[in-house]
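To keep things clear, I will list the structure first and then write my remarks on it.
Whatever order the structure lists ligands and atoms in, that order sets their numbers, starting from 1.
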Amino acid sequence: MRNLKIILLITVITSIIAGYTMQIYVPEKKLDERVYLQEVAPDIKFSEKKSNPPHYKSNEGIVAFNTYDITPSIRGYAGPIKVLLALSPDGEITGIKILEHKETKNYVHYMERPEYLKKFLGKNVNDTFEIDKDIDGISRATVSVEAMARTVRESSRIVASNVLNLNVRHEGGKETFSTEWIIYILIFSLSFVFYFITRKSKKHLRIRDLSLVLSIPVIGLYLSSPFSILHVFNLLMLRPSSAYLWYVIIISTLISIIIAGRFYCGWLCPFGALSEFIGRLPFRKWSIPVETDDRWRELKYILLGLISIIVFTSRRVEFGNYETYVTLFSFHGNYLTWSLVVITLLANVKIERFWCRYLCPVAALTGMLSRKDSGYVSRHDCPVGNKPMPLISECIRCNRCYKGSE
Ligand code: SF4
């Protein structure tokens, strides 16, 4: 297993270097804005692209532009959301099309629909574009929707002022104060305190169930932000989000790995929680020989290695999106991904924490980075079916078997 982890680490580093330096990439569909001008302003003939700020202008005074040219620093969950906008001479939005984004499709599919984008039409550049007031919010895609509203508002005001010579409001629209990152910090801190309590005393082991129960509605359904391998891919490819929640999830998970190994898997992962509760149903579990179980556990590292090669060399994060919880908590997928969700959940009836044990890329990553702790010896009711004296990379820190507790 140690050799496998070393190979995985070398694979990831080599793939990142290859992706950066050798330009091995799968070309994305080349973006030609001019092709889409007809979609945002039908039957209008535009000039060549002009500068300061970059825009196209028609004889009728209609202006079209790519918001990314004007406000490149506004980012959604996984990078900028590039929008092609058309403005009338009096500063009204008359056409809109999302050109490109790298947000997780499962979460933002509704945002891309024409019926949703229509809500921006007719808005004036001096409107505030407030979410849930001027523009509908989309649950499970708050960060992306806010980023799109901001990029539309700020870029259109700059163009209206500099190209159309209109008077525009200079104060930003009222930013929606996001409480999501605070909620995440609260649930993380609470669970971390519980973790240390259960490490001290076995009398309180049941409080872990409270963290697991909370993680499903809060992290899974409300925040829709389980820690995902996509966070790591975006981070390593230097494509950070501008959302606090994104940073909070990454930093808290990193801290927890350094201090408590796979704490996230055992206490906060909503898919892990769901799997564990299904696994507690009173059905006899399959007895899997230790050697077979060990061999199958290596599969998650191999999968993570393969996916890393594909993602880093192609520089396309979406190729790494095979996590079942993304489908489940975004409520969006196809027949194949939904089948995978159902199979991986039902499998827990016979094999404890089936997905976490054999397939989860986050389990592989957090396991690989876990520090040694010889206090964990496993016991008959280990929630991940660990053998006695397990590898620390397979322990999700439920603390049931921790030797140091009374
Ligand atoms: S090895 Fe011990 S602490 Fe780790 S998951 Fe199993 S029972 Fe829990």
Any chance the side chains of Tyr56 and Glu33 put a donor and an acceptor closer than 3.5 Å? yes

Could you list the atoms of ligand 1 found under 4.0 angstrom from a heavy atom of Ile396? 4 (Fe), 5 (S)

Residues which pass salt bridge (charged side-chain N to carboxylate O under 4.0 Å, His left out) with Lys97, listed by chain and number, not counting sequence neighbours: Glu39

Pair listing, side chain to side chain donor-acceptor pair (under 3.5 Å) test, anchored in residues 367-378, at least two apart: Tyr195-Tyr376, Arg199-Asp373, Arg199-Tyr376, Tyr376-Asn399

Quick one: ring-ring contact (aromatic ring centres under 6.0 Å, His included) partners of Phe277, sequence neighbours excluded? none

Suppose the cut-off is 2.8 Å; which protein N/O/S atoms would you list for atom 2 (Fe) of ligand 1? Cys401 SG

Can a salt bridge be assigned to the pair Arg280 and Glu276 using a cut-off of 4.0 Å between side-chain N and carboxylate O? yes

In terms of side-chain geometry, is the basic nitrogen of Glu394 or Arg353 positioned less than 4.0 Å from the acidic oxygen of its partner? no

